[in-house]
Each structure stands twice: as C-alpha cells, then as structure tokens.
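The next block holds one structure in the form of structure tokens; read it before the comments.
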Amino acid sequence: MGNAQEKPPGGGGGGAKSDQATPGSGRQSRTGGSGAQRPQEKGPVVTNGTQGDKGHPGGQGSPAVDTSYLDAPAGALPPHLARHKNEGNHLFKQGQFGEALQKYTQAIDGCADAGVESPEDLCILYSNRAACYLKDGNSADCIQDCTRALELQPYSLKPLLRRAMAYETLERYRKAYVDYKTALQIDTGVQAAHDSVHRITKMLIEQDGPEWREKLPEIPLVPLSAKQHHKEKPVSAELSQARAARAAQEEARKQEARFTALKHEGNDLVKRSQFQKALEKYSECLALKPSECSVYTNRAICFLKLNRYEEAKQDCDSALQLEPTNKKAFYRRALAYKGLQDYLSASSDLQEVLQLDPNVHEAEQELETVTVLLRQSLMDSTAHTPRV
C-alpha cells in the first residue's frame with residue numbers, strides 16, 4: 001500500500017454506504033445508489049506464476065508478465081493469503097480500488113477460515129481495505145475497517161489517518177480532529193495531519209464558537225511504548241523515497257532563498273561601488289547555482305571595475321555558453337577585450353551587440369572609441385615594423 005499520508009478530502013458527503021456486515025465478512029462497496037452489489041470481477045488468469053492471455057492459453061504468443069510479486073512474503077500470512085494481499089497492493093497502486101478491495105476481503109475471510117490470529121497482519125489488511133473504501137467514497141465502511149484495525153493494533157498510524165479523513169469527509173470534524181491529533185502524537189512529521197488540524201480548527205471555531213475545545217471528545221494520550229514501536233518500524237521504500245523527495249524540496253527551497261538574498265546583497269554593493277565585496281557575494285551565488293547566466297554578467301562588472309579584465313572575459317564566456325545571444329555578456333566582454341588591448345575582438349563583440357539590438361547607444365559609442373584605438377594600434381604597429 002502507499003504512504004499513509006493521503007491527501008485529506010474536503011467537506012462533503014461520504015458517498016453511498018455499502019451493505020453492513022461484521023468485520024471480516026466479504027463486504028462489497030456499492031457502485032451506485034441502487035443497493036446492488038458490485039459484481040465480483042475475475043482477476044487475471046494465473047498459470048504457474050504467470051498471467052495467461054485470454055486469447056493465448058498459458059500466455060503463448062504474448063510477452064510473459066512478471067507476477068513474482070504475488071509470491072513475496074507478507075508477514076505471518078500463509079502463501080495463498082499472502083498472494084491475495086500482494087495482488088490487492090498491486091491493484092491499489094494501479095488505481096483499481098474495487099478489485100483491490102475484493103482481494104483484501106478474500107485475505108481477511110481466508111484468515112478466519114485458516115485460523116490466522118496475527119493482529120499485525122489483520123490490522124494491515126483492514127487498514128488497506130479501508131483505503132479502498134476511502135478512495136471509492138465509502139467513508140462509513142472505511143471508518144468501520146479502521147476501527148477494527150485499531151482494535152487489533154491500537155495507535156497504528158495509517159488507520160488513524162484514514163479514519164480521520166473519512167470523518168472529515170462526513171463533516172464529523174470533532175472526531176476527525178481527535179484522530180489527527182492522536183496521529184501527530186505518534187509521528188509529528190505527518191504534514192498532511194498538521195494541515196488538516198489547522199483547517200478543521202477554523203471550521204470548529206466557526207461551528208462551535210470560542211468554547212469549541214470543550215466540545216471535543218477526549219484526545220487519548222499515546223503511550224511512549226506505542227511511539228517507540230512506530231519509530232522502530234522499518235521504513236518502506238515508498239515512504240523513504242517520499243521523505244527523501246520532501247527533504248530535497250526543502251533543501252532546494254532554502255538554497256533558492258539563500259541565492260536570492262546573496263544576489264540582492266551583491267546588487268546593492270555594486271550600487272555603492274563596493275565591487276570587491278559584491279564580487280564575493282556573486283561568487284557565493286555561483287557556488288549555489290553555477291548555471292545562472294545573470295550572475296556571471298554581474299560579476300563581470302565587478303572584475304571590470306577592478307581592472308581584472310581576463311577574469312571579466314572568462315565570466316562573459318561562461319554567460320555566452322549558457323545564453324549565446326546575451327547582449328550584456330557581449331558588451332561586457334568587449335569592455336574586457338578593450339582593457340586587454342585586444343581591440344579587434346572588442347570591435348567584433350560590439351558589432352554583435354548592435355546586430356542583436358541596434359538601439360544600444362553605449363555600444364555605438366564604445367564601437368567608435370574602439371575603432372579609433374584599433375586604427376591607432378595598427379598605425380603604431382606599422383610604424384614600429386622595420387622596412388626590408
């Protein structure tokens with residue numbers, strides 16, 4: 001099954017309620033309001049661990065489908081029940097919630113028939129089936145399955161969160177609030193629960209006024225042993241990936257904020273003609289985002305003002321590799337070439353600027369200056385060349 005942190009639903013009805021039955025029975029979610037049960041759909045034909053193609057018995061003539069996941073161990077469940085659970089998990093991930101629900105029901109009923117009394121495995125099965133009910137909009141049966149799961153494994157996080165979402169869907173906000181707050185005692189890192197608590201608090205204040213807390217059911221105090229048990233549980237690959245993705249997003253957000261602050265500081269220092277300090281700020285920016293073209297052209301200004309023409313040219317080269325038509329990079333590289341007394345290259349870059357934008361008057365003026373310097377340089381070179 002996926003991460004427990006499903007997106008909580010907004011307010012509204014909980015969908016059509018299925019036929020009531022005792023926990024562990026083969027309940028089916030309804031497809032409409034007629035009361036008719038959803039017909040049980042046949043799962044894939046499995047022959048010796050591979051799915052058969054309807055048109056080709058045994059799958060002959062079509063690519064073999066990998067169904068090895070069906071035989072993966074599933075806690076203390078015997079192999080035939082583990083297959084039901086594993087197939088339910090696979091169907092759930094594919095968005096086939098009704099079919100997944102049937103598989104979990106078969107596993108639950110099979111546990112009763114086989115005398116399986118593993119509270120942890122049964123808790124997971126009820127919680128997984130509850131997720132199917134929640135996805136199908138059947139909040140009432142979701143609540144019933146979550147409550148059964150919590151009877152088997154008190155303070156289990158996923159059933160608490162799923163029941164809270166179902167309560168919220170049915171606009172039973174007080175009960176939803178209690179379940180979310182209980183879940184947060186177990187794991188304070190469930191952001192969806194934090195968001196839901198804030199949202200429901202506003203609703204309860206509107207609904208019950210300033211005394212809303214007094215009208216809440218009692219919020220249970222989660223034992224330290226339950227919190228420790230949750231911490232010691234092995235993290236699933238999906239949850240680990242989700243946490244890593246959130247951590248990466250948070251780090252990227254911090255780096256972006258740091259980059260923006262450094263760039264603004266650099267710009268302010270340039271305005272105050274503190275070019276060495278500005279240069280240092282831009283260098284820190286580039287350590288965070290080495291592909292930011294504007295920082296190279298900004299730092300090039302600092303190098304030019306400090307008469308460090310070769311480094312200014314190199315920064316403009318880097319900028320032009322990122323943005324080959326960047327006018328500022330061409331213009332500032334021309335100034336760097338001018339400082340290096342490479343007037344021919346400076347003239348070439350200035351002409352490139354004017355070709356990109358004929359209205360850059362600074363480039364026109366610099367081109368006139370560089371042209372004079374180039375002619376003077378050529379005349380001086382000719383004058384110093386010995387005649388043969």
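Note that the coordinates shown come from a computational prediction; the quantities given were computed from them, not determined experimentally.
Residues T369 and K338 bring no donor and acceptor atom of their side chains to less than 3.5 Å of each other. Y309 and N307 share a donor-acceptor pair across their side chains, judged by distance under 3.5 Å alone. With 3.5 Å as the limit, one finds no donor-acceptor pair spanning the side chains of Q314 and Y296. Checked by atom type, the side-chain pair Y104/D145 shows no donor-acceptor distance below 3.5 Å. Checked by atom type, the side-chain pair Q351/S347 shows a donor-acceptor distance below 3.5 Å. Counted by atom type alone, D195 and Q191 present one or more donor-acceptor pairs between their side chains at under 3.5 Å.
For the pairing with Y173, the side chain to side chain contact (heavy atoms under 4.5 Å, CB included) check across V178, D208, I200 returns one residue only, I200.
The backbone N or O of N267 lies less than 3.5 Å from a partner atom in the side chain of Y282, making a donor-acceptor pair. Between the side chain of T188 and the main chain of L184, no donor-acceptor pair closer than 3.5 Å is present. In this structure, E311 contributes its side chain and F303 its backbone to no donor-acceptor pair below 3.5 Å.
Inter-residue side-chain proximity for Q106 and K103 is flagged as met; some heavy-atom pair is nearer than 4.5 Å.
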Report the C-alpha separation of S156 and L150 in whole Å, then their side-chain angles, then the decisive distance to 0.1 Å, and conclude whether the side chain to side chain contact (heavy atoms under 4.5 Å, CB included) test is met.
CA-CA 6 Å; S156 183; L150 290 165; 4.2 Å; yes
What do the steps show when you test L161 against V190 for side chain to side chain contact (heavy atoms under 4.5 Å, CB included), and what is the final call?
CA-CA 10 Å; L161 289 169; V190 184; 4.1 Å; yes
Verdict with reasoning, Y331 to N326, per side-chain hydrogen bond (donor to acceptor under 3.5 Å, both in side chains)
CA-CA 9 Å; Y331 181 75; N326 189 291; over 6 Å; no
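Considering all non-hydrogen atoms of both residues, A149 and S127 come closest at CB-N, 4.2 Å.
In this structure, the ring of Y69 has its center less than 6.0 angstrom from the ring center of H90. The ring of Y177 has its center closer than 6.0 angstrom to the ring center of W212. Here F92 and F97 bring their ring centres to under 6.0 angstrom of each other.
Under a 4.0 Å N-O distance rule, the pair E280/K277 does not qualify as a salt bridge.
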